[in-house]
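What follows is one structure encoded as structure tokens, with my remarks underneath.
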Amino acid sequence: MVGCAHCRPHSLRDIVLDSMSDQIEDRKAKLEKIRALGVDPYGARFTDVTTHADIRAAAGQMNIEPGQVCEGEEACFRAAGRVVLYRDIGSLIFMTVRDRTGDLQFGLSKKMIMGGTAVPDSHEATKPRSHEETQASAFPAPEVGWKLAKLLDLGDIVGADGRLGRTKTGELTLWVTRLTLLSKCLRPPPEKWHGLTDVEARYRRRYVDLLSNPDSQQVFLMRARIIDYAREVLRERGFIEVETPVLQPIYGGAAARPFLTHHNTLDMDLYLAISPELYLKRCLVGGLERVFEFSRCFRNEGISPRHNPEFTMLELYQAYGDYHDMMDICERVIGGAARDVIGATKIQFGKAEIDYATPWPRLKYADVFGEYAGVDMNDEAAVRAKARELGVFKKVLREEPGRRDIFAEDQVELDHPVLVNKVFEATVEEQLVNPTFVLDWPAPLCPLTRRHPDDPNAALRFELFIHGMEIGNAYTELNDPAVQRATLSKQLRGEEDETMAVMDEDFVEALEYGMPPAGGLGIGIDRTVMLLTGSTSIRDVILFPLQRPQA
RNA sequence: GAGGGUGUAGCUCAGUCGGCAGAGCAACGGCCUUUUAAGCCGUGGGUCCAGGGUUCGAGUCCCUGCACCCUCACCA
């Protein structure tokens, strides 16, 4: 403490001293000391690195005794990673270094790094040649190596050449003969045991979350593998991956509020895609008979643990198929990923254990409605009574207080199918915990779907529900341009104008050239990853979820 | 948009009834050649989210605002 006990530290000198005590300042001071040693604290290309996992695998073949340091060339490795633990016990330093495959202990002894052991020749053969690479191989002199080791901080990224051994306690250790600083970490990382737990900080500075919480990295690794898996399933079936516009002059393919933007040169308003559907169908018209896209969709709606304004949908179309083929693909992609990527058929999600063993139940919309809502969906009076009981009308009134045409509950005008769907959402969805297909939806809710041949009031559509969430949505696609024009023109009372399907003349014109009958499917990738990784918030599976600007 | 909760050191968290701002890790100085979240001795570090108010006195009570989380609604 500077100054007497009664004084607040506010003099210039105090402020400077406070600032100097800051950990960032400490680290910057070390940075300068490192530079003074002639070492570039930000490294350069570092070639021929063996991953920690591969080093462990190699060590498994060597039968190294506790206390032993291997002599042979086969025990010499180059490794790199971030220092996550650092234990300095005098003229011996142990650090735990993390790379993408896991942790490995590096051991540094003053004697060894000072040249007590000859530098292995194995790396000379693969020594880089270019000018840039020559710089990368410019190791500090041996006496500098030890000083450098003493100046390391938690969070620094280091590279090392060394020989494998085991400590007395048997811990596999890379005994370092040459140490390279690859990047100095100027900010103290989170606490080594708890990591970063503050959720806001984890989302705002995801890089800190990732570097300090292996579990978080694991989620994004799984996400990538699930996507790879889906891609592989589709490729095997002859699908090709395409890209469709995010900037669209007319939004369509779903019922959602769009984001609006503007192109300056064309002086033209554009919408960010709410769905790639109408473009992928144009591909079908053009003869790309099996297409898929991992499509970023943007919907200007609320944010919740299950909704992010931008999200990723796998959408695909298969010519000459129908929605039964799409059910098979759902089971193959999601059920297969559970089995082959996660390695389990039962996965915990919140308090529920979900069973992904296929096949999944295929239930008729009318049947599940009758079972869980307790009324016949075609009995308008009964549905209306049920809706009143569930408070559907009150919710509508609350949502649209400005509507002049609504004065009382009974005067809320909702078309029957809209009311049915609101009752469905309120009663059925949460009951569907294990993967369940719900087939044959009320036709008026499905402007892009072929009608059921036996029932003009039903559409050949299914949604896949898991844990009460809509995970997949699929149709036997409507390819009759006249019917398509009619359904896009029809307005339903009870759905807001802004989210209504919009007439897209160019799309209908495309249908007039002839679109093959097809099955189409959308799978919510973020939600699928949530379920398969046990992440109960969508923000935990999106690297950089949308946040308000910081206060 | 409505309701509930949270915000204290770089990180993880205590802080009782309104009475000197605390711990562990991290940092700094010192010791240590086999550590495992190393250990031991010593030291420094605070806009208690922001702004008002009540009070002799506010991290604590009240009001307003901000950010985040949860529930509901829209939505996938």
Side-chain angles (χ1 to χ4, degrees), chain A residues 1-2 5-6 8-9 17-27 29-30 66-67 69 84-96 103 105 107-112 153-155 165-171 173 175 186-204 208 212 254-257 274-275 297 299-309 311-313 391-392 394-396 398-401 422 425-426 429 463-465 469-473 495-496 498-499 522-528 530 536-539 545 547-551:
Chain A
M1 180 65 89
V2 177
H6 305 288
R8 305 293 293 175
L17 286 171
D18 282 352
S19 153
M20 284 305 286
S21 72
D22 185 73
Q23 295 192 41
I24 295 172
E25 295 305 321
D26 290 337
R27 283 165 179 254
K30 285 186 185 173
V69 180
V84 293
L85 294 172
Y86 182 91
R87 300 179 285 278
D88 179 351
I89 50 175
S91 43
L92 203 57
I93 296 169
F94 291 102
M95 36 191 209
T96 303
D103 293 353
Q105 174 164 277
L108 297 98
S109 85
K110 191 173 183 177
K111 272 183 190 168
M112 197 180 288
D153 283 310
L154 288 173
R166 288 192 188 277
T167 62
K168 283 177 186 172
T169 54
E171 178 80 20
T173 300
W175 287 101
L186 291 178
R187 291 177 183 267
E191 203 221 15
K192 57 192 176 187
W193 189 243
H194 298 95
L196 187 67
T197 65
D198 178 73
V199 285
E200 184 177 358
R202 288 183 53 224
Y203 299 148
R204 286 195 193 280
V208 180
S212 62
R257 288 189 189 82
I274 59 171
S275 159
C297 299
R299 299 189 182 175
N300 207 337
E301 311 272 1
I303 297 174
S304 85
R306 278 162 287 284
H307 300 88
N308 196 62
F311 65 101
T312 302
M313 190 150 68
V392 165
K394 283 178 186 162
K395 284 174 187 168
V396 172
R398 211 185 310 141
E399 286 156 23
E400 302 180 62
K422 287 190 184 295
E425 287 167 1
E429 291 189 358
E463 288 196 0
L464 169 64
F465 290 93
M469 285 193 288
E470 184 189 335
I471 299 301
N473 182 22
E495 292 205 336
E496 292 174 74
E498 204 180 357
T499 64
I523 293 176
I525 290 297
D526 313 275
R527 289 180 172 184
T528 300
M530 284 171 66
T536 52
S537 171
I538 197 168
R539 296 178 210 97
Q547 300 281 110
R548 277 195 179 86
Q550 216 155 3

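Note: hydrogens, waters and symmetry copies are ignored here, and every other heavy atom, side chains too, is used. Because the structure is predicted, anything quoted here is derived from the model rather than measured.
Of the possible donor and acceptor atoms, one in the side chain of A/D526 sits under 3.5 Å from a partner among the backbone N and O of A/T312. A side-chain donor-acceptor contact under 3.5 Å links A/R299 to the backbone of A/I274. At least one donor-acceptor pair under 3.5 Å links the side chain of A/T173 to the backbone N or O of A/E171. Without hydrogens or angle criteria, A/E429 side chain to A/E470 main chain gives no donor-acceptor distance under 3.5 Å. Counting only distance, with no hydrogens or angles, the side chain of A/R527 and the backbone of A/R306 share a donor-acceptor pair below 3.5 Å.
Using atom C1' as the reference point in both B/rG22 and B/rU16, the two lie 14 Å apart (nearest Å). For the P atoms, the distance from B/rU54 to B/rA58 is 11 Å, rounded to whole Å. Spacing between B/rG10 and B/rU6 at atom P, rounded to whole Å, works out to 22 Å. Nucleotides B/rC25 and B/rA38 have their C1' atoms positioned 13 Å apart, rounded to a whole Å. Look at the P atom in both B/rC49 and B/rU12: the space between them is 15 Å, to the nearest Å. With P as the reference atom, B/rC63 and B/rG4 are 12 Å apart, rounded to whole Å. Comparing B/rU60 with B/rC69, their C1' atoms are spaced 23 Å from each other, to the whole Å. To the nearest whole angstrom, the two C1' atoms, one in B/rA37 and one in B/rA26, are 12 Å apart.
Base-pair partner of B/rA37: not found among the strands shown (Watson-Crick or G-U wobble, both distances under 3.5 Å). In a base pair of the Watson-Crick type (N1 to N3 plus N6-O4 or O6-N4) or a G-U wobble (N1-O2 and O6-N3), with each distance short of 3.5 Å, B/rC28 is matched with B/rG42. Pairing of B/rC68, defined by two Watson-Crick or G-U wobble distances under 3.5 Å, is identified with B/rG5. B/rA21 is unpaired under the Watson-Crick or G-U wobble criterion, no partner having all donor-acceptor distances under 3.5 Å.
Straight-line distance from the CG atom of A/L154 to the C1' atom of B/rA38: 13 Å, rounded to whole Å. Distance CG (A/D88) to P (B/rU36): 14 Å, rounded to an integer number of Å. Spacing between atom CG of A/D153 and atom C1' of B/rC25 amounts to 15 Å, rounded to whole angstrom units. In this structure, the CE atom of A/M95 is 17 Å from the C1' atom of B/rA37, given to the nearest Å. To the nearest angstrom, C1' of B/rC68 lies 4 Å from CD of A/E200. Atoms CD (A/E425) and C1' (B/rC74) sit 10 Å apart, rounded to a whole Å. Distance A/K30 NZ to B/rA27 C1': 8 Å, rounded to the nearest Å. The distance from atom NZ of A/K110 to atom P of B/rU34 is 15 Å, rounded to the nearest whole Å.
Within 4.0 Å (heavy atoms only), A/P189 reaches no atom of the nucleic acid at all. In this structure, A/L196 reaches the sugar-phosphate backbone alone: every heavy-atom distance under 4.0 Å involves primed, P, OP1 or OP2 atoms, never a base. Residue-level contact check: A/G302 touches the bases, meaning some heavy atom is under 4.0 Å from a base atom. Heavy atoms of A/G195 sit under 4.0 angstrom from primed sugar atoms or phosphate atoms, though from no base atom. In this structure, A/Q105 reaches the bases: a heavy-atom distance under 4.0 Å links it to at least one base atom across the strands shown. Using a 4.0 Å heavy-atom distance criterion, A/N300 is classed as making no nucleic acid contact.
Phosphate contact (OP1/OP2 of B/rA26, side-chain N/O of A/K192, threshold under 4.0 Å): present. Contact between the side-chain N/O atoms of A/T167 and the OP1/OP2 oxygens of B/rU33 is not found at any separation under 4.0 Å. Look at A/R539 and you'll find a side-chain N or O under 4.0 angstrom from OP1 or OP2 of B/rC70. Distances shorter than 4.0 Å separate none of the side-chain N or O atoms of A/R87 from OP1 or OP2 on B/rU36. Residue A/R257 places none of its side-chain N or O atoms closer than 4.0 Å to OP1 or OP2 of B/rC74. Here A/T169 does not reach the OP1 or OP2 of B/rU36: none of its side-chain N or O atoms lies under 4.0 Å away.
Both geometric conditions, a ring-centre gap below 5.5 Å and a plane tilt below 30°, are not fulfilled together for A/F94 over the base of B/rA38.
Taking only distance into account, the side chain of A/E171 never meets the base of B/rU34 through a donor-acceptor pair shorter than 3.5 Å. The base of B/rU34 lies outside donor-acceptor range of the side chain of A/S109, with no N or O pair under 3.5 Å. Not a single donor-acceptor contact under 3.5 angstrom links the side-chain atoms of A/E191 to the base of B/rA26.
With B/rC72, B/rU33, B/rC28 as the candidates, the nucleotide lying closest to the side chain of A/R306 is B/rC72. Side chain of A/D26, nearest nucleotide from B/rC68, B/rU34, B/rA27: B/rA27. Distances were taken from every side-chain heavy atom of A/W193 (C-beta onward) to each of B/rC28, B/rA76, B/rA37; the shortest belongs to B/rA37.
With a 4.5 Å cut-off on side-chain heavy atoms, A/R187 and A/V208 do not count as touching. Looking at heavy atoms from C-beta onward, A/W193 lies out of side-chain contact with A/L85 at the 4.5 angstrom threshold. Taking 4.5 Å as the limit, some side-chain heavy atom of A/T528 sits within range of a side-chain heavy atom of A/I523.
Nearer the 5' end of RNA chain B, as judged by each residue's closest nucleotide, is the contact made by A/P190, out of A/P190 and A/T173. Heavy-atom distances to RNA chain B give each of A/S304 and A/I471 a nearest nucleotide, and the one nearer the 5′ end belongs to A/S304.
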